[in-house]
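First comes the structure, then the notes that go with it.
Numbered from 1 within each chain, the chains take letters A, B, ... in sequence-line order.
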Amino acid sequence: MVFQEHQKKITEQISTAIKEEFQQDFPHESMRLETPPDQEMGDLAFPCFPLAKILKLPPPKIAARLADRMASSPEIEKAAAHGGYLNLFYNKSGFIEMTLREIHEKRDAYGNTAIGNGQTILIEYSSPNTNKPLHLGHLRNNTLGMASANLLDAMGYRVIKVNLVNDRGVHICKSMLAYQKWGGGETPESTGTKGDHLAGKYYVLFETKLKENPDLEEEAQALLHKWESGDEETLSLWRRMNEWVYQGFRKTYSRMGTAFDKWYFESDTYRLGKKLVLEGLGKGIFYRREDGAVEIDLTGHGFDKKVLLRPNGTAVYMTQDLGTAKLKYEDYAFSRSLYVVANEQDYHFNVLFKILELLGFEWAKGCVHLSYGMVELPEGKMKSREGTVVDADDLLDELKSLAREAILERRSDFEEGELERRAEEIGQGALKFYLLKVNPRNNIQFNPKEAIAFEGATGPYIQYSHARIQSILRKAGDLSFDSLDLSALGNKEEFSLARQLYNFPMEIQKAAEEYNPARVCEAALQIARELSKFYKERQVLKAESDELRTARLFLIHCVALALKKALTLLGIQAPDRM
RNA sequence: GCGCCUGUGGCUCAGUUGGAUAGAGCAACGGACUUCUAAUCCGUAGGUCGGGGGUUCGAAUCCCUCCAGGCGCGCCA
């Protein structure tokens, strides 16, 4: 990476200056440069405090002597001491030229690295149940999963996106039972209802009927036994209703741009788990209790005991996950396996990974729980049984319709097709950005007013910045950057923009390392703000000279590449007009 | 009760992994559109970084403690 080499050259220069001035080794690898709080103070700062300890000299003294000693170079124009800091100023024109040319050359690959080349990362996300439609919690999960996958892909990993569907269990049988009793044979086609919503309707119906008739619980259990014993009629209904649900899911996924390379089904994998547990029992890692249950004692590892097979031999949640984990490794030989699952399951995953380790799987150390916080509504927690869930499809519809209104307030020249398309892109841009801009670790306070906002620190603000650039580039006509003279660039706004663009790839890398797309959101906002300031002060199409005009067009073309990169990583469309 | 996570202007969040005067957006107030898209920009006001101890040249960041909130503590998933 050109920018990293540039950074390395600078740390080497500081290292050399220290060596010459103080006869002291201070390897550039261990040197971390900071950004001064005010741009007037410089572009990079080297804190001299750690050095002060070694040299037993006051930091301002060290900074001053280093500032005098620093030779001017193609990278650094001048150095200045400021308190205990050695502040460095980039060679502006060289810096801008290097940054922009690099971006232009890399295009879509700007910000990518090769650090993951040759390694496979598996990422499991979404993982819905087949008894109800997707809700707001799934939307956070989906956007987080997609964005993380995109980030890892940009780092050069081979990324396998996996959906693990919870398609069996008593909760599935509940909607089946309600349908058997009161469904009257209706279908998605006959009712014009999306299949997942139809199944969800019967799940809710079960819960309401249960209040009048507690015996239904037992009937659902009985249906589960029939399912497990392979009763053909039950299986046939199960397959039929699940297929409805998948059709509904596929619609929502495809609308959001959520994609998977592989679907796993717990109705397949729970058997593998059972086998694995019995093997572990043979090896003495687990033990059989008097009542017949198989258990593991993890009290020596800071956990409790955990049942892995019930007395009647049936599998529990942990059993399935053990089986699925192993199957994933057999299928893909991953170096890392990520689980995008809410933080309410933190304990479960700690235990899961510990058991895999105790079973002797080398790859267990590559398993990571990408834990994220809950989405909280103003009224409190979402409860599917109480109907306080925010339905994913409804929310997407609402945002689209609000975006349509917002467009019509601003312009009336879109044809119907483009209006629909842009409304969808902008509505989703708002929602996805809203969900991604918070650190995954934290809970999200879902404030409907802010989630649907198109102004301020929002997705549409980034999209707008991008669209505006495209508009200017269109007006500029045929763009030829063959004879470029970038030396015309160098004022405060242009330089600030270049600095943001220069820093962006490092932010992407950090975001990928931390599985934290919020970093990309923040970086994109900074670039967009810098761009808006630039517009306010400088003209592009009516620049003072042809050279400057071309140079500025080149500059905003590079900014557009950065904004589009950010949006793409976040799974958000970058419209050319809006 | 035990365990994990969180606590930063009225609200929602950042904070370069221990560094300079703690930054954005929303809301409030005051400005800027015959000028490349005002989904924008500029300004004003608003902070004992939950409280208290400590560690050191230096703490929102690390340690201890207390307080508040979230989640978990099924042979549910």
Q: Test Glu228(A) against Arg168(A) for salt bridge (charged side-chain N to carboxylate O under 4.0 Å, His left out), laying out the working first.
A: CA-CA 9 Å; Glu228(A) 289 196 350; Arg168(A) 65 173 287 274; 2.7 Å; yes
Q) At under 4.0 Å between heavy atoms, what does Val316(A) touch on the DNA or RNA strands: base, sugar-phosphate, or nothing? A) sugar-phosphate
(Q) Using a heavy-atom cut-off of 4.0 Å across all strands, would you classify Pro47(A) as base, sugar-phosphate, or nothing? (A) nothing
Q | Interatomic distance at P, rA77(B) relative to rU40(B), whole Å | A | 48 Å
**Q.** Heavy-atom neighbours of Lys564(A) NZ exceed 12 at 6.0 Å
**A.** no
(Q) Side chains of Tyr90(A) and Ile10(A), heavy atoms from C-beta outward: is any pair under 4.5 Å? (A) yes
Donor-acceptor contacts under 3.5 Å from residues 520-537 of chain A side chains, at least two apart:
from	atom 1	to	atom 2	distance (Å)
Ser532(A)	OG	Tyr461(A)	OH	3.4
Ser532(A)	OG	Ala528(A)	O	3.2

Q) How long is the line joining CZ of Arg577(A) and P of rA39(B), in whole Å? A) 16 Å
Q. Mind checking whether Ser371(A) and Val341(A) have side chains closer than 4.5 Å, heavy atoms only?
A. no
Q) Can you tell me how far P in rG3(B) sits from the matching atom in rA59(B), rounded to whole Å? A) 30 Å
Q. Where does the angle between the aromatic ring planes of Tyr502(A) and His6(A) fall among parallel (under 30°), tilted (30 to 60°) and perpendicular (over 60°)?
A. perpendicular
**Q.** Ring-ring centroid check Tyr125(A) His138(A), cutoff 6.0 Å
**A.** no
Q. For His348(A), which contact category applies under a 4.0 Å heavy-atom criterion: base, sugar-phosphate, or nothing?
A. nothing
**Q.** Qualifying residue for side chain to side chain contact (heavy atoms under 4.5 Å, CB included) with Val165(A), from Asn242(A), Thr130(A), Asn129(A), Asp268(A)
**A.** Thr130(A)
Q.
Could you tell me how far rA20(B) sits from rG30(B) if I compare only their C1' atoms? Round to whole Å.
A. 32 Å
Q) Expressed in whole Å, how much space separates the P atoms belonging to rC29(B) and rU65(B)? A) 47 Å
Q: For Pro59(A), answer base if it contacts any base atom (sugar-phosphate contacts may also be present), sugar-phosphate if it contacts only those atoms, and nothing otherwise; contact means non-hydrogen atoms under 4.0 Å.
A: nothing
Q: Give a yes/no verdict on a cation-pi contact between Arg288(A) and Phe286(A), requiring under 6.0 Å between NZ or CZ and the six-membered ring centre and an angle within 45° of the axis.
A: no
Q) Ser471(A) side chain N/O closer than 4.0 Å to the phosphate oxygens (OP1, OP2) of rU37(B)? A) yes
Q. Is the closest side-chain heavy-atom distance between Asn166(A) and Ser127(A) below 4.5 Å?
A. no
Q: Pull out every stem in RNA chain B, meaning runs of 3 or more consecutive Watson-Crick or G-U wobble pairs with both distances under 3.5 Å.
A: B:1-7 with B:67-73, B:10-13 with B:23-26, B:28-32 with B:40-44, B:50-54 with B:62-66
Q. Where do Met41(A) and Pro36(A) come nearest, in terms of heavy atoms and distance?
A. CB-CB, 4.1 Å
Q: Give one of base, sugar-phosphate or nothing for Lys56(A), where a contact means two heavy atoms less than 4.0 Å apart.
A: nothing
**Q.** Whole angstrom value for the distance that separates C1' of rC76(B) from CZ of Arg310(A)
**A.** 8 Å
Q | Euclidean distance for P, rU55(B) against rA45(B) (whole angstrom) | A | 37 Å
(Q) If you take the centroid of each ring, where Trp contributes its six-membered ring, are Phe353(A) and Tyr339(A) closer together than 6.0 Å? (A) yes
Q) Looking for any heavy atom pair under 4.0 Å, which part of the strands does Asn166(A) touch: base, sugar-phosphate only, or nothing? A) sugar-phosphate
Q) Is rC33(B) in the syn range, within 90° of 0, or in the anti range? A) syn
Q.
Once you apply a heavy-atom cut-off of 4.0 Å, does Asn87(A) come out as touching a base, just sugar-phosphate, or nothing?
A. base
Q: Find the distance between CZ (Phe303(A)) and CD1 (Ile355(A)) and round it off to the nearest 0.5 Å.
A: 9.0 Å
**Q.** Within-4.5 Å side-chain heavy-atom neighbours: Met506(A) and Phe3(A)
**A.** no
Q.
Checking understanding here: a glycosidic angle within 90° of 0 is syn, the rest anti, so what is rG25(B)?
A. anti
Q: For Glu266(A), answer base if it contacts any base atom (sugar-phosphate contacts may also be present), sugar-phosphate if it contacts only those atoms, and nothing otherwise; contact means non-hydrogen atoms under 4.0 Å.
A: sugar-phosphate
Could you go through nucleotides 3-6 of chain B and list every protein N or O atom that sits under 3.5 Å from one of its N or O atoms, giving the distance for each pair?
from	atom 1	to	atom 2	distance (Å)
rU6(B)	OP1	Arg441(A)	NE	3.1

Q | Nearest-Å distance once atom C1' is located in both rC66(B) and rU21(B) | A | 32 Å
Q. Which of these, Arg422(A), Arg421(A), Gln428(A), sits in a side-chain hydrogen bond (donor to acceptor under 3.5 Å, both in side chains) with Glu424(A)?
A. Gln428(A)
Q. Do the side-chain N or O atoms of Tyr464(A) get closer than 4.0 angstrom to the phosphate oxygens (OP1, OP2) of rA38(B)?
A. yes
**Q.** Under 4.0 Å protein heavy-atom contact, by nucleotide of nucleotides 22-32 of chain B - B base, S sugar-phosphate only
**A.** --SSS------
Q) Is there a donor-acceptor contact under 3.5 Å linking the side chains of His466(A) and Gln470(A)? A) yes
Q: Compare all side-chain heavy atoms of Glu207(A) with those of Lys174(A) and state whether any distance is below 4.5 angstrom.
A: yes
Q: Please determine if a side-chain N or O atom of Arg468(A) lies less than 4.0 Å away from the OP1 or OP2 oxygen of rA38(B).
A: yes
Q. When all nucleic acid strands are considered with a 4.0 Å heavy-atom cut-off, which category describes Arg549(A): base, sugar-phosphate, or nothing?
A. nothing
Q) Please give, in whole Å, the distance from rC71(B) P to Tyr372(A) OH? A) 14 Å
Q.
Less than 4.0 angstrom between a side-chain N/O of Lys475(A) and OP1 or OP2 of rU37(B), yes or no?
A. yes
Q: Name the nucleic acid region contacted by Ala476(A), choosing base, sugar-phosphate or nothing; use a 4.0 angstrom heavy-atom cut-off, strictly under.
A: nothing
Q. Would you say the side chain of Glu219(A) lies within less than 4.5 Å of the side chain of Leu223(A), judging by non-hydrogen atoms?
A. no
(Q) Judged by each residue's nearest nucleotide on RNA chain B, which is more toward the 5′ side, Asp304(A) or Lys542(A)? (A) Lys542(A)
What does the list of N/O pairs under 3.5 Å between the protein and nucleotides 58-62 of chain B look like, with a distance for each?
none

(Q) I want to confirm an ordering. Mapping Asn129(A) and Ala406(A) to their closest nucleotides on RNA chain B, which one lands closer to the 5' end? (A) Ala406(A)
Q: Write down the distance separating the P atoms in rG47(B) and rG23(B), rounded off to the nearest Å.
A: 14 Å
(Q) Applying a 4.0 Å non-hydrogen cut-off, can you work out what Ala518(A) is touching in the nucleic acid: base, sugar-phosphate, or nothing? (A) nothing
Q: Could you check which residues of residues 497-515 of chain A get a heavy atom under 4.0 Å from RNA chain B? Sort them by number, please.
A: Lys510(A), Glu514(A)
Q: Send over the distance from Phe446(A) CZ to rC13(B) P, rounded to a whole Å.
A: 13 Å
Q: Nearest whole angstrom, please: distance from the C1' of rG74(B) to the CG of Leu308(A).
A: 13 Å
Q) Taking atom C1' of rU8(B) as reference, at what distance in whole Å does atom CG of Asn439(A) sit? A) 14 Å
Q) Within the structure shown, what part of the strands sits under 4.0 Å from Tyr461(A) by heavy-atom distance: base, sugar-phosphate, or nothing? A) sugar-phosphate
Q: Verify the ring-centre separation between Phe554(A) and His557(A): is it less than 6.0 angstrom?
A: yes
